[in-house]
> 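Starting off with a structure, shown below.
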There are 4 protein chains.
Amino acid sequence: MNAPTKARMRRKADRPGEILEAAFEEFAKHGYAATRLEDVAKRVGVTKGTIYFYFETKERVFDEMIRHVSRPIFDEVTSFVAALEGPFGVRLRALLDFLFRFIAEERVGREVMRFLIAEGARFPDLVERHHREFLVPFLERLREMIAAGIKAGEFRATPALRYPELIFSPALLLNVWWLLFDDRHQIDVKMFIDAQFDLLMDGLSMGGLESEPKRLSAKLPRSGRSKA
Amino acid sequence: MNAPTKARMRRKADRPGEILEAAFEEFAKHGYAATRLEDVAKRVGVTKGTIYFYFETKERVFDEMIRHVSRPIFDEVTSFVAALEGPFGVRLRALLDFLFRFIAEERVGREVMRFLIAEGARFPDLVERHHREFLVPFLERLREMIAAGIKAGEFRATPALRYPELIFSPALLLNVWWLLFDDRHQIDVKMFIDAQFDLLMDGLSMGGLESEPKRLSAKLPRSGRSKA
Amino acid sequence: MNAPTKARMRRKADRPGEILEAAFEEFAKHGYAATRLEDVAKRVGVTKGTIYFYFETKERVFDEMIRHVSRPIFDEVTSFVAALEGPFGVRLRALLDFLFRFIAEERVGREVMRFLIAEGARFPDLVERHHREFLVPFLERLREMIAAGIKAGEFRATPALRYPELIFSPALLLNVWWLLFDDRHQIDVKMFIDAQFDLLMDGLSMGGLESEPKRLSAKLPRSGRSKA
Amino acid sequence: MNAPTKARMRRKADRPGEILEAAFEEFAKHGYAATRLEDVAKRVGVTKGTIYFYFETKERVFDEMIRHVSRPIFDEVTSFVAALEGPFGVRLRALLDFLFRFIAEERVGREVMRFLIAEGARFPDLVERHHREFLVPFLERLREMIAAGIKAGEFRATPALRYPELIFSPALLLNVWWLLFDDRHQIDVKMFIDAQFDLLMDGLSMGGLESEPKRLSAKLPRSGRSKA
DNA sequence: AATGAATGAGGATTCATTCAT
DNA sequence: AATGAATGAATCCTCATTCAT
């Protein structure tokens with residue numbers, strides 16, 4: 001780490017990117033205030049000065065780090081949502097799978113949530129940006145899907161139409177669960193999604209006495225993810 | 001203003017309590033690392049030294065602050081859950097109302113969640129304690145209630161039985177929403193709970209062709225909160 | 001200097017004053033930017049932190065240091081000028097003696113001038129304050145004295161009445177001389193003042209052929225200072 | 001703005017000179033310690049590295065900058081003084097005019113004085129060089145002129161003969177005035193010189209009762225500068 | 001109990017300087 | 001000749017912690 005010194009391994013193509021990724025790790029581990037830029041530098045294999053060559057302040061490093069790690073998510077969410085097709089139940093399930101993957105299972109999505117919650121007061125713009133560019137569009141897509149499902153006669157006209165957040169919330173719970181317990185008290189994601197989907201579709205209450213009330217959901221493909 | 005300041009002379013006999021409450025405010029606003037014990041002291045109207053008379057370190061102040069503000073919640077949750085009665089749908093609704101109040105609407109509950117998420121890495125015991133003493137018992141109570149509801153024929157036997165967290169998750173969403181947006185992008189809590197309850201009970205899908213599938217939920221009392 | 005450590009020699013009555021005097025020495029030696037507050041602290045026998053206990057920033061230390069060392073001069077100038085009496089030639093001579101003492105011979109006066117010249121761009125208020133509170137009143141007193149001398153028939157009505165700075169300028173020269181050369185290329189202050197006074201009174205040109213044109217100045221007491 | 005920037009391609013052949021002139025501006029504005037070589041470079045339109053190609057250290061840049069801007073003054077002073085002719089009163093007046101121009105009115109002369117005062121401790125050689133090459137010769141010329149004037153019967157034999165600095169001092173005052181106040185509290189240079197000349201020639205005191213004591217100075221040409 | 005003065009380790013930031021290209 | 005990337009020592013400032021009173 002402090003090898004023969006002098007080894008200025010320069011022109012490493014994407015120093016800023018490397019720095020931001022190292023910053024992600026350090027900020028995720030210690031939080032904004034307790035992170036030392038020196039440790040970020042050490043992780044990249046450069047010195048403090050190098051970071052200041054690329055970024056004006058620690059705040060700037062943090063801000064750009066969030067942009068850096070968020071962009072791929074933003075992009076993928078956008079294109080995924082645009083590409084949804086098929087029956088609405090199927091679409092919904094696909095959306096849930098996707099959502100869980102990005103917001104709960106992927107470390108970046110999880111930690112971004114931690115950053116927003118923990119450092120939101122210091123970086124209010126960041127929070128607003130995520131609301132505007134990520135949350136609002138996503139919820140709107142959800143709402144449209146539900147509305148279309150209702151029109152198509154697949155879904156009930158529920159007040160949930162006003163609160164697509166409700167559909168979103170189990171994924172958030174998993175996200176927070178992970179943030180809190182990491183790998184202690186693990187939850188089986190696949191089973192959790194299945195359970196949400198079942199509950200979401202048919203609810204808790206005994207729906208009368210009919211023989212085949214659960215048809216629709218029963219036919220749906222379960223979460224395609226096999227590894228979890 | 002800094003005359004013989006008699007207001008300060010009250011010698012509340014509860015200096016430690018005062019300090020912990022001031023600490024709550026400061027830690028909530030700035031996070032652990034960025035909070036200055038001096039500001040906590042100033043808020044109480046004493047000097048830093050006084051804090052060190054009662055608490056050994058800053059970490060200790062934080063830890064005891066969490067205990068201090070959590071205890072009333074712990075207690076109330078315990079006794080509330082023990083006192084639930086009546087039809088299970090009604091109990092569930094009551095539990096939801098309660099949950100929302102403590103985890104989302106009350107500032108203390110909200111901020112404790114922020115502390116756990118933001119500082120969990122630094123205070124792992126804290127997180128474990130909340131898991132053990134708050135979350136697990138609460139989820140267990142939820143599960144028992146659902147199980148009893150199923151036994152009583154009121155509820156379907158859903159896989160949600162394994163994941164009572166699902167029922168808990170909208171409250172968490174509201175909690176996080178508040179942590180992120182404070183009073184920007186407000187959500188109407190009463191309508192939100194109603195929506196959750198409706199969805200939770202009857203689900204999204206058109207439940208076959210039966211004539212009266214939604215009876216139960218229709219009869220349930222709506223949220224008792226009148227102001228929202 | 002780094003003795004047995006722990007010797008917190010506290011309550012030293014006038015810590016702020018001590019710090020400002022140490023600061024004067026360090027700033028005088030190195031200039032504002034090149035002075036290390038740590039060296040100031042070392043000079044007092046405390047640590048950096050102590051300085052920040054009393055002063056918010058380095059700029060503040062500098063600013064207050066100037067006030068601290070300037071005040072006695074301001075005060076003495078004010079009271080001295082107010083107390084002048086006697087024939088105007090005598091008064092003028094006394095004023096010159098006084099002026100030289102404060103602006104040129106005394107180290108503080110000299111160094112304050114250096115600070116104003118060297119750091120004026122960074123501390124414009126400082127410069128304005130000295131202009132307003134020191135320079136303007138002093139020049140005004142000078143002017144009044146000359147005007148009174150003219151009225152009394154002792155002085156010629158010269159255009160110098162508009163520029164009392166002219167009378168002031170040799171003292172400034174000595175000041176700057178000292179700032180530049182310290183004790184190299186020394187000038188004998190007493191002789192210098194005598195020379196100024198002679199020149200000031202009677203000028204360079206041969207004043208006609210009269211036998212006793214220089215009476216007045218010839219009778220004046222020479223500078224009373226004997227040590228220089 | 002940062003297109004192929006052709007303006008920069010002029011390859012002035014005098015990069016060092018450009019750098020030194022940029023350095024003059026930056027050092028004049030911020031002082032030695034607070035000047036960043038990077039800003040000097042930016043002013044020239046090159047990078048820091050380029051400066052280090054021509055100069056070994058920052059101190060070297062400063063030192064050579066002073067030489068660079070002083071040389072023209074040195075040269076002009078030398079040749080001007082050598083060329084003086086005519087009655088001594090006229091010569092004196094011409095010398096004063098010249099002096100004021102170089103030491104007070106011209107920015108370079110003024111700022112060099114600031115450098116000497118502010119950074120003399122760090123660059124003692126600089127100060128000595130100016131003393132030896134500029135101040136001493138100039139004062140010597142002044143002294144010779146006065147001595148010759150006395151011999152010629154134009155001037156009185158005053159002790160000022162020992163201190164030609166006295167004649168120099170109003171110009172210094174104007175210089176310092178400018179350094180301190182820039183364009184605040186302006187002084188009319190022409191009137192100031194006239195006043196000095198009047199005072200210098202005939203002094204303050206009522207010169208006996210003679211009828212025509214002021215002949216000489218009255219006939220002298222006033223400052224040749226017409227605009228002031 | 002409480003204060004106020006003091007400490008000193010620690011971290012953000014700056015910038016003269018280096019050097020491979 | 002000139003650049004751009006990198007270094008690392010230096011310095012300001014902060015703040016948890018200590019302790020005599």
> Round to a whole Å and report the spacing from CD of C/Glu18 to P of E/dA5.
14 Å
> Taking all non-hydrogen atoms of both residues into account, name the closest pair between B/Ala23 and B/Val61 and its distance.
CB-CG1, 3.8 Å
> Toward the 5' end of DNA chain E, which comes first, B/Thr47 or A/Ala34, by nearest nucleotide?
B/Thr47
> Starting from the 5' end of DNA chain F, give me the residue, B/Gly49 or C/Ala33, whose nearest nucleotide shows up first.
C/Ala33
> Below 4.0 angstrom from OP1 or OP2 of E/dA6, is there any side-chain N or O of C/Arg15?
yes
> Going by modelled atom types, is there a donor-acceptor pair between the base of E/dG10 and the side chain of C/Lys48 at under 3.5 Å?
yes
> From the set F/dC12, E/dC15, F/dA1, return the single nucleotide nearest to any side-chain atom of D/Phe53.
F/dA1
> Can you tell me which nucleotide in E/dT13, E/dT17, E/dG11 comes closest to the side chain of D/Tyr52?
E/dT17
> Would A/Arg43 and A/Asp39 count as a salt bridge (charged side-chain N to carboxylate O under 4.0 Å, His left out) here? Give the steps.
CA-CA 6 Å; A/Arg43 193 179 270 270; A/Asp39 289 343; over 6 Å; no
> Between atom CD in A/Glu56 and atom P in E/dC15, what is the gap in whole Å?
13 Å
> Once you round it to whole Å, what is the distance between P of F/dC15 and CD of B/Glu38?
9 Å
> Calculate the interatomic distance between A/Ile19 atom CD1 and E/dA12 atom C1'; express it in whole Å.
15 Å
> Please tell me which of A/Glu59 and C/Thr50 maps to the more 5' nucleotide of DNA chain E, matching each residue to the nucleotide holding its nearest heavy atom.
C/Thr50
> Would you mind reading off the distance between B/Ile51 atom CD1 and E/dG4 atom C1', rounded to a whole angstrom?
14 Å
> Across all strands shown, which nucleotide pairs with F/dA5 by Watson-Crick or G-U wobble geometry, both distances under 3.5 Å?
E/dT18
> Let me know the distance between CZ of A/Arg122 and C1' of E/dA12, rounded to the nearest Å.
13 Å
> Within the structure shown, what part of the strands sits under 4.0 Å from D/Phe55 by heavy-atom distance: base, sugar-phosphate, or nothing?
nothing
> Show the nearest heavy-atom pair for residues C/Ile66 and C/Arg129, with the distance to one decimal.
CG2-NH2, 4.5 Å
> Would you find a donor on one side and an acceptor on the other, under 3.5 Å apart, between the side chain of D/Lys58 and the backbone of D/Tyr32?
yes
> Of the nucleotides F/dT11, E/dA12, E/dT17, which one has an atom closest to the side chain of A/Lys58?
E/dA12
> May I have the distance from C/Arg36 (atom CZ) to E/dC15 (atom P), rounded to whole angstrom?
16 Å
> The side chain of A/Tyr54 lies closest to which of these nucleotides: F/dT11, F/dA6, E/dT3?
F/dA6
> With a 6.0 Å cut-off on the ring centroids, do C/Phe62 and C/Phe115 count as close?
yes
> Write down the distance between CG (B/Asp39) and P (F/dC15), rounded to a whole number of angstrom.
8 Å
